[in-house]
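Everything on this sheet refers to the single structure shown next.
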Amino acid sequence: MITKTSFQGKLTKTKDLFIPFVVAGDPTPELTIEFALRLQEAGADVLELGVPYSDPLADGPTIQRAAKRALDSGMSLRKAIELVPQLRKRGVEIPVVIFTYYNPVMQLGHDEFFAMLSENGAEGVLVPDLPFEESEDFRKQAEENDVEFISLVAPNSDQRIQRIAEKAKGFLYCVSTLGVTGERNEMSKEVLTFIEKVKEYSPVPVAVGFGISTNEHVKLVRGHADGVIIGSKIIRLIENELDGLEKEQTAALDRFTKELHELVK
Amino acid sequence: MITKTSFQGKLTKTKDLFIPFVVAGDPTPELTIEFALRLQEAGADVLELGVPYSDPLADGPTIQRAAKRALDSGMSLRKAIELVPQLRKRGVEIPVVIFTYYNPVMQLGHDEFFAMLSENGAEGVLVPDLPFEESEDFRKQAEENDVEFISLVAPNSDQRIQRIAEKAKGFLYCVSTLGVTGERNEMSKEVLTFIEKVKEYSPVPVAVGFGISTNEHVKLVRGHADGVIIGSKIIRLIENELDGLEKEQTAALDRFTKELHELVK
Amino acid sequence: GRFGDFGGKYVPETLMGPLQELEDALNEAMDDPQFIEEYHHVLEEYGGRPTALSFAGQLTKQLDGAKIYLKREDLNHTGAHKLNNAIGQALLAKRMGKEKIIAETGAGQHGVASATVAAKFGLACKVFMGEEDIRRQELNVFRMKLLGAEVIPVSSGNGTLKDATNEAIRYWVANCEDHFYLIGSVVGPHPYPKMVRNFQRVIGDESKRQFLEVEDRLPNRIYACVGGGSNAMGMFYPFLEDDAELVGVEAAGKGIDTPEHAATLSKGTPGVIHGSLTYLMQDENGQITEPYSISAGLDYPGIGPEHAQLFQSKRVRYEAVTDQEALDALKLLTETEGIIPAIESAHALAQAFKEAGGMDKEDTILINLSGRGDKDMATLMQRLEEEV
Amino acid sequence: GRFGDFGGKYVPETLMGPLQELEDALNEAMDDPQFIEEYHHVLEEYGGRPTALSFAGQLTKQLDGAKIYLKREDLNHTGAHKLNNAIGQALLAKRMGKEKIIAETGAGQHGVASATVAAKFGLACKVFMGEEDIRRQELNVFRMKLLGAEVIPVSSGNGTLKDATNEAIRYWVANCEDHFYLIGSVVGPHPYPKMVRNFQRVIGDESKRQFLEVEDRLPNRIYACVGGGSNAMGMFYPFLEDDAELVGVEAAGKGIDTPEHAATLSKGTPGVIHGSLTYLMQDENGQITEPYSISAGLDYPGIGPEHAQLFQSKRVRYEAVTDQEALDALKLLTETEGIIPAIESAHALAQAFKEAGGMDKEDTILINLSGRGDKDMATLMQRLEEEV
């Protein structure tokens, strides 16, 4: 079904995608760049760059903590977008998706927002609280600006799945389970049926996120979906090194990389 | 108007009556006898022997305190009546009026109560919360037992004054002022008009009580009424000697006597 | 001024005049349709009447017996039936030209009701309250002050309701010319018990009408708690001539076989308290004793003289319920119906709950929910914190 | 799902299904006369409606201007208008077959209302409450537990209402299949603002009928306080097509020129909060900021989207009143009318009192007294103890 490349041609793969999520500025903007490099090294195909928000409705405690650390470091939507050229400069080549709640975008203004994305070279955008029905104008503007607007479908999206999937751009974010982001012990079997259904309609790769936190999960999902999105687990790996990062950065980053490889091997 | 002697013939005087009030058992039964003797010595014509009560509605703080001391010393209605023969034995010859709230009398029973009065030789009874309208049977029984039932009239008794006064026995207790018992600085001039009115109807001496606390009050009232009733002030004189009574009883009693003479001279 | 052997005016002579004045004014007022209309108007427009009659469906199901209805006096302004009476007496005070009212209070509910009507009708208000109660009921003291009332601490006796009442009466004796004494229950000298009952019978009158509307018959049994007894008299009075079985519930405190209870009819004897001949708790010398109940509103050593008569004539059955039984009933009502009752009212509930299961499913029970439990939260937290 | 530019469903995809399910069920229910009848039956038989419309005679006299009437939502069971909505949603939850409800609460009033209806209708109830609020509102926490609800402490953010709401939404996302989220105000994603307004419009509908009965005309001005804005929407909605001037009163806290206020319309800007596009308090980066008001019920950084529309269209005038002005108004009402209002409601009073004197004596004012002040006693004691 997958017919075309995306992200301004930068994503050519349509299988076995690894899409990690980090929060810009967690714990500092500089370290976000380091993590991005390690993630790319570990095979990341797209980077979700999260913008920290005061009221992250869709996120569990792990990402809430990361957002708090990032806000404390002074991060904002504007600064997160401006981090993209710095990522490029340091060698991050994979497409970057700006992940942000809607309110900061609204305050910036749609025009300014898309102008900034273009100017700074971000290839995609994901707004977790801007569902299909509320996003028509926004999607149009994204398309006009050649920015991929990432849509989400959930197990209870029901008859809306087709509608959402058919219009998907970049990749389709398949929420594996009801609930907020966060690690989970079990992946339900039903999620596989759900993925199959989504794939029927999606013109773009179907990536699965929410709760993917072990190598077993990764392997299970890979067998059915076109990609995995990993957020909370990666943030937890970062969190584990927070002390280390202050003392011996390289060693800490190496430990992070090792754990990361274990996760996505 | 005053036509007959009363209190089983023991009160022959009908003018210049001095009627003190003490609480039986304040601070001890033994001392009550001592005080009674001193009062008689100072010219008392009738002794009001108060029975301490838990809820003395008509009394101010001074008599409330006395009642508490007396209750603490184990006093009761029965014991108060039984104190009368002891008073006699020690030389108290003036008529004794048992002053008691109604509830203890009710618990003892009217028959038993009057039998005890007769047996112990108390000549009168005053029940401050048994007004004229509630006391018909009780008054009848008092009369049958040759016990003087002391009635009260107040400045606001209005048209009831005549009715009450006409049936008065022993002496008529004229409440000088609205309020509970207790010392007061001023005696109102209106009280004198009120006394005159009461005297018109009363077949027995009219004595004035409530608030009489200085020699000036005493002299003022004497000029118009047939007698004065002094309660709180006397209890206060006792109260002043409470410490002294424990250490040097005779000296304390002498001080009490001296003050008493000043009061009623 | 009598209910059979009970009632009367056992007061100092100085109060006989004011009581007569009150009685005359009361009789005149109760015969004046305009007064009655104003009284009902204020109850409705200000107090929130009629109060609801609620069917307790979940509770009925759980107890699996008679159908249980609740008369919702907790929905009155200020949270209890006390306001009905306070409104009536305040209107009467105004009619009599008295610009100052005095009131006694124990836990503070009647004090708050009195301070409320005083504010509403522009009257000065002094509330007598025992020092011990002031300490225990800090919030209600503040509430009264906020309403503009002066709270007079009473240190005599044990500093509780009985003493506050004594002191209020004493103050009234001295100031009866321009003060109206607003008694909070069906106690005190005539005409208070009758007056307060008449200002509370709106509870029973309304209940009767509402019950007939819903059930097209009268309840088989009616329960009300009894301290002084005003909510019970108000509820029972309009049903006295009917077939309904009436049950008054006293506070058994820690048990009527212990010294710590307030079960005046169950364990007391006739005597005189606060100007009225009735049942009371006293020792062998006729000294009034201090009652005990977890409920500050039932913690009174006397009882309205009309209850004494209804007890003697057996028209009303009186039962006693312990602290623990009342608390259990409070919890049950809260969990099944979402209504936190006053601990006073929970006594009536407890007795009804004991009996409901043994009754036929076609039978009906009416319980007077005399007040809401908000005022009891501190007590409940202390007693129930570990259980919830 | 829009009120002009405002409203909408700005929620994670996972909630779109549940919101549609809710909307379908709601539409069906509101078209079902039996549902409407049951809702009104419970409001009356259980909640105590209709609430009184009280003429504030003493107050009118003192302010010497327009005639002041109070809509007495304080007389509702549990003490505020919150119950109207909780009853409506609980009935809907039952109709949808959801046996578990969740609710957010700040000061605890909506939590208590939710726990109350949960008990009444036999539903399980989880109340999300910020840790800081739990500490400040110990009594309401206990009350909810007594009613059988589980209180879930929320430590994210500052541990206040905003965070409790976030957490309730998050919990709902994960448990939407068998849980009904009972939102306490006219906020949140569509259809909540409309649903809650419809469950609260009984305030305005009743007021209109009652006012016409008494005055044979409509009020010139109507005041209501606005936090999330449910009591105001409920009051205003039936009057939107009429001539009455409508005034919504926000909390100016320590002053709208200080950073400590909760005047969302006066000082906020459009944005998205809790799933709805509306006015809110935020910084230049679009991060939501923490509001402040002495009143825990007005202490919310957003406002119902319908208010945003009414603000934009100027159909409603919005004013802001400081803590101190609200406290002064609270005292004045208490002293003149014997009604201690909630501090929330005192904001509406304060604005009305400012304006009443300047109005014609033939003019009339209607103020929505959204709740009673009992819950605020601790705050009032702290602030007013020295003054009373």
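Everything numeric here is computed off the predicted structure, so don't read it as measured data. Numbered from 1 within each chain, the chains take letters A, B, ... in sequence-line order.
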Fill in: Heavy-atom side-chain contact between C:Glu13 and B:Ser157 under 4.5 Å
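Answer yes - side chains close enough.
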
Please work out which of the three classes, parallel, tilted or perpendicular, describes the rings of B:Phe99 and B:Tyr101, given edges at 30° and 60°.
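Perpendicular, since the angle between the ring planes exceeds 60°.
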
So C:His307 and C:Tyr318, would you call those rings parallel, tilted or perpendicular, with 30° and 60° as cut-offs?
->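 It falls in the perpendicular class, over 60°.
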
Check your understanding: ring-ring contact (aromatic ring centres under 6.0 Å, His included) with C:His110: which residues, sequence neighbours excluded?
Key ->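 ring-ring contact (aromatic ring centres under 6.0 Å, His included) check on C:His110 returns nothing, list empty.
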
Chain C heavy atoms under 4.5 Å from [X]: which part of the residue, side chain, backbone, both or neither?
{"X": "B:Leu77", "value": "neither"}
{"X": "B:Asp55", "value": "both"}
{"X": "B:Tyr53", "value": "both"}
{"X": "B:Pro61", "value": "neither"}
{"X": "B:Arg78", "value": "neither"}
{"X": "B:Ile164", "value": "side chain"}
{"X": "B:Val153", "value": "backbone"}
{"X": "B:Val175", "value": "side chain"}

Considering only heavy atoms, which portion of [X] lies under 4.5 Å from any heavy atom of chain B: side chain, backbone, both, or neither?
{"X": "C:Pro189", "answer": "neither"}
{"X": "C:Thr269", "answer": "side chain"}
{"X": "C:Ile273", "answer": "neither"}
{"X": "C:Gln282", "answer": "side chain"}
{"X": "C:Glu167", "answer": "side chain"}

State yes or no: are the ring centers of B:His110 and B:Phe138 separated by less than 6.0 Å?
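Yes; B:Phe138 has its ring centre under 6.0 Å from that of B:His110.
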
| message | Before we go on, tell me: are the rings of C:Tyr192 and C:His274 under 6.0 Å apart, centre to centre? | response |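 Not close enough - the centres of the two rings lie 6.0 Å or further apart.
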
Among B:Leu71, B:Leu57, B:Val127, single out the residue with the greatest number of heavy-atom pairs under 4.5 Å to chain C.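 Most pairs with chain C among the choices: B:Leu57.
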
Please determine, among B:Ser151, B:Pro56, B:Pro52, the option with the most heavy-atom pairs under 4.5 Å with chain C.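 Of the candidates given, the most pairs with chain C belong to B:Pro56.
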
Using distance alone, with no hydrogens and no angle criterion, decide if C:Asn158 and C:Glu290 have a side-chain donor and acceptor under 3.5 Å apart.
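Yes, a side-chain donor-acceptor pair sits under 3.5 Å.
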
query = Is the closest side-chain donor-acceptor distance between C:Thr160 and C:Asp133 under 3.5 Å?
reply =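 No, no side-chain donor-acceptor pair sits under 3.5 Å.
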
Assess whether side chain to side chain contact (heavy atoms under 4.5 Å, CB included) is satisfied between B:Asn156 and C:Cys176, documenting all intermediate values.
CA-CA 10 Å; B:Asn156 61 354; C:Cys176 48; 3.8 Å; yes

Open item on the list: Please rank C:Pro18, C:Pro270, C:Ser155 by heavy-atom pairs under 4.5 Å with chain B and give me the top one.
Closed with: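 The answer is C:Pro270.
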
*asked:* Using a 4.5 angstrom heavy-atom cutoff, name the option from C:Gly17, C:Gly271, C:Gly8 with the most pairs to chain B.
replied: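 Going by pairs under 4.5 Å, I would pick C:Gly271.
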
**Asked** Is the NZ or CZ atom of C:Arg95 positioned over C:Phe180's six-membered ring, under 6.0 angstrom from the centre and within 45° of the axis?
**Response**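 So C:Arg95 doesn't make the cation-pi contact.
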
So does C:Gln287 get a backbone contact from the side chain of C:Asp283, meaning a donor-acceptor N/O pair under 3.5 Å?
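Answer holds: yes.
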
